[in-house]
2 protein chains.
Amino acid sequence: MEEAEQSRCENCIIRQFNSLRAMSKQELKKVSDSKITRKVKKGEAIFEEGDKLDGVFCVREGISKLSKLSANGKDQIVKLASKGEVMGQRSVIAEEYTNLSAVAVSDMEVCFIPKDSIIHTLSRNPDFAIEVLRHMAHDLKEADDVIVNMSQKTVKQRIAEAFLYLKKNYGEDRDGFLNLTLSREDIANVVGTATESAIRIISEFKKRGMIKTSGKKIGVLNEKLLQDLIEGF
Amino acid sequence: MEEAEQSRCENCIIRQFNSLRAMSKQELKKVSDSKITRKVKKGEAIFEEGDKLDGVFCVREGISKLSKLSANGKDQIVKLASKGEVMGQRSVIAEEYTNLSAVAVSDMEVCFIPKDSIIHTLSRNPDFAIEVLRHMAHDLKEADDVIVNMSQKTVKQRIAEAFLYLKKNYGEDRDGFLNLTLSREDIANVVGTATESAIRIISEFKKRGMIKTSGKKIGVLNEKLLQDLIEGF
DNA sequence: TCGAAAAGATGACAATTATCATATAATATT
DNA sequence: AATATTATATGATAATTGTCATCTTTTCGA
């Protein structure tokens, strides 16, 4: 019985997008043999804050939110991870309990890769280590940007940014709605505000003709207006 | 003529605190031969946002603020770097222009290490790469924490946290004042608020007996009160 | 050491955002 | 399909934070 083509890491196109591409054929084979592919339904958790991760998760399909619970019970979404992104590497590398939870915001398919093969390759294949470093460096820069946005921009500006970000990164359907639909609460948690505030601002944007809505779906109508708002006009 | 002991990386104790400790004797020698030690006076810039860095800076003495200018002209301090920390590695590794400025908040001594020897060692010595990775992973986690704090805590709580952080990390002098003295403006830029707001809250903390001040110096008087405030009482 | 400039302090006020209450709409469950 | 549950929406209000003006104190350079 032959295994399906795409279930082998060597053939997985997702690999093109992440650090795994720096692995040798042999290393990939090892990873492939030990990986476990898993389907995750929308709303389901992949791992939770404080878990000890024995490996990393490579997103093959769908989108996950990486969030952190604050003392007052609110969730702050720190990052959205989609096709090709690897989750949990930070905690595997630092050998610490993870500081984030990963929950699917759409139906997903993820590959679990045990940390042994990652760690092993890290210490043998400098190219791989550098690739991982590059990715982490990129994430760090993005995190810095988020910090600045949080402290310097208004909630309105952050929500406008979020919509443009979602449009740019996940695109829109034929009807002009964002492909990635987040609940109002998730939107609030991305920009770090109260759900009611987010809802209010969404209503306002709609009245102003900047966006349209249909149920929880949101579509960008006037990118320029949003952009102007972000820049402070 | 013999070079002073401590001006050779191999003997520099600072190295114990950072990724350089994973370098071999030979690699360190090379770094040492190409490094440039430099004194930086308080207020002086080491590098500025948008600079192309040809190497990293290892802090040997003093403290630097790493900050990012926002569109509205405010500076957000993203991190304070002190003895043993390496600045600029993110941008050297990602081969991008730096996203942060580094300015001395006290008189400093830094070693500039050209990127060639760093990159070279990265691709030869996996232990070094892993060390650097660990540090970056740690920074990333801290950045996540900052994001959550920014969005979930009040300005008051963030200022209280900042004082406890400064006390814990830089200690206090015999008179009970924080060793690291930041201007009110810098404090505001650390927690992401207006200078006037920071000043007002500092006055309030003083009235409440939580801290004492003397000029721009600040001393923690009642750690428990500050801690309670942070936790929402 | 004098005077200018910068930093710190505080009041008055406006803008932003959170919270609580409640209503309506959408979704899920039996 | 009926009902329970959850998500969305909106008003009223309070709390937080920012802005502008002004004054005092400190710092620094000539």
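Each chain gets a letter, A, B and so on, in the order its sequence line appears, and its residues count up from 1.
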Measure from CG on A:Leu229 to P on C:dT16 and round the result to the nearest Å.
11 Å
Please state how far atom CD1 in B:Ile199 lies from atom P in C:dG11, giving the value in whole angstrom units.
13 Å
For the residue pair B:Val110 and B:Thr37, establish whether any side-chain heavy-atom pair is separated by less than 4.5 Å.
no
side-chain contact (heavy atoms from CB on, under 4.5 Å) against A:Lys167, all qualifying residues, sequence neighbours excluded
A:Glu172, A:Leu178, A:Val220, A:Glu223
Any residue of residues 200-216 of chain B with a heavy atom less than 4.0 Å from an atom of DNA chain C
B:Arg200, B:Ser203, B:Lys216
Five pairs per end, C1' atoms only: what is the angle between the end axes of the helix from C:dT1-D:dA30 to C:dT30-D:dA1, to 10 degrees?
50°
B:Cys58 and B:Asn18, any side-chain heavy atoms less than 4.5 Å apart
yes
Using 4.0 Å as the upper bound for N to carboxylate O, is an ion pair formed by A:Glu204 and A:Arg208?
yes
Could you check which residues of residues 151-162 of chain A get a heavy atom under 4.0 Å from DNA chain D? Sort them by number, please.
none
Please identify each residue that fulfils ring pair (Phe, Tyr, Trp, His ring centres under 6.0 Å) with A:Phe163, with sequence neighbours left out.
none
NZ of B:Lys83: more than 12 outside heavy atoms within 6.0 angstrom?
no
Counting only heavy atoms from other residues, nucleotides and ligands, does the tally under 6.0 Å from CD of A:Glu61 exceed 12?
no
B:Glu196 CD to C:dG8 C1', in whole Å, measures 10 Å
Within residues 177-199 of chain A or reaching into it, pairs that qualify as side chain to side chain donor-acceptor pair (under 3.5 Å) - sequence neighbours excluded:
A:Lys65-A:Asp186
Applying side-chain hydrogen bond (donor to acceptor under 3.5 Å, both in side chains) to B:Ser203 and not counting sequence neighbours gives none
Just the endpoints, please: which first and last nucleotides of DNA chain D, 5' to 3', lie under 4.0 Å from a heavy atom of chain B?
D:dT17 to D:dC20
B:Asp144: which residues meet the side-chain hydrogen bond (donor to acceptor under 3.5 Å, both in side chains) condition with it, sequence neighbours left out?
A:Asn99
Among all residues two or more places apart in sequence or in another chain, which pass the side-chain hydrogen bond (donor to acceptor under 3.5 Å, both in side chains) test with A:Glu49?
none
Note: contacts of residues 186-195 of chain B with DNA chain C (heavy atom, under 4.0 Å) are none
For the pair B:Lys115 and B:Glu95, find out whether any cationic side-chain nitrogen is under 4.0 Å from an anionic carboxylate oxygen.
no
Around atom OH of B:Tyr165, are there more than 12 heavy atoms from other residues, nucleotides or ligands closer than 6.0 Å?
yes
Does B:Lys212 count as lying over the ring of B:Phe177, i.e. NZ or CZ under 6.0 Å from the six-ring centre, within 45 degrees of the axis?
yes
Residues forming a side-chain hydrogen bond (donor to acceptor under 3.5 Å, both in side chains) with A:Ser64, sequence neighbours excluded:
none
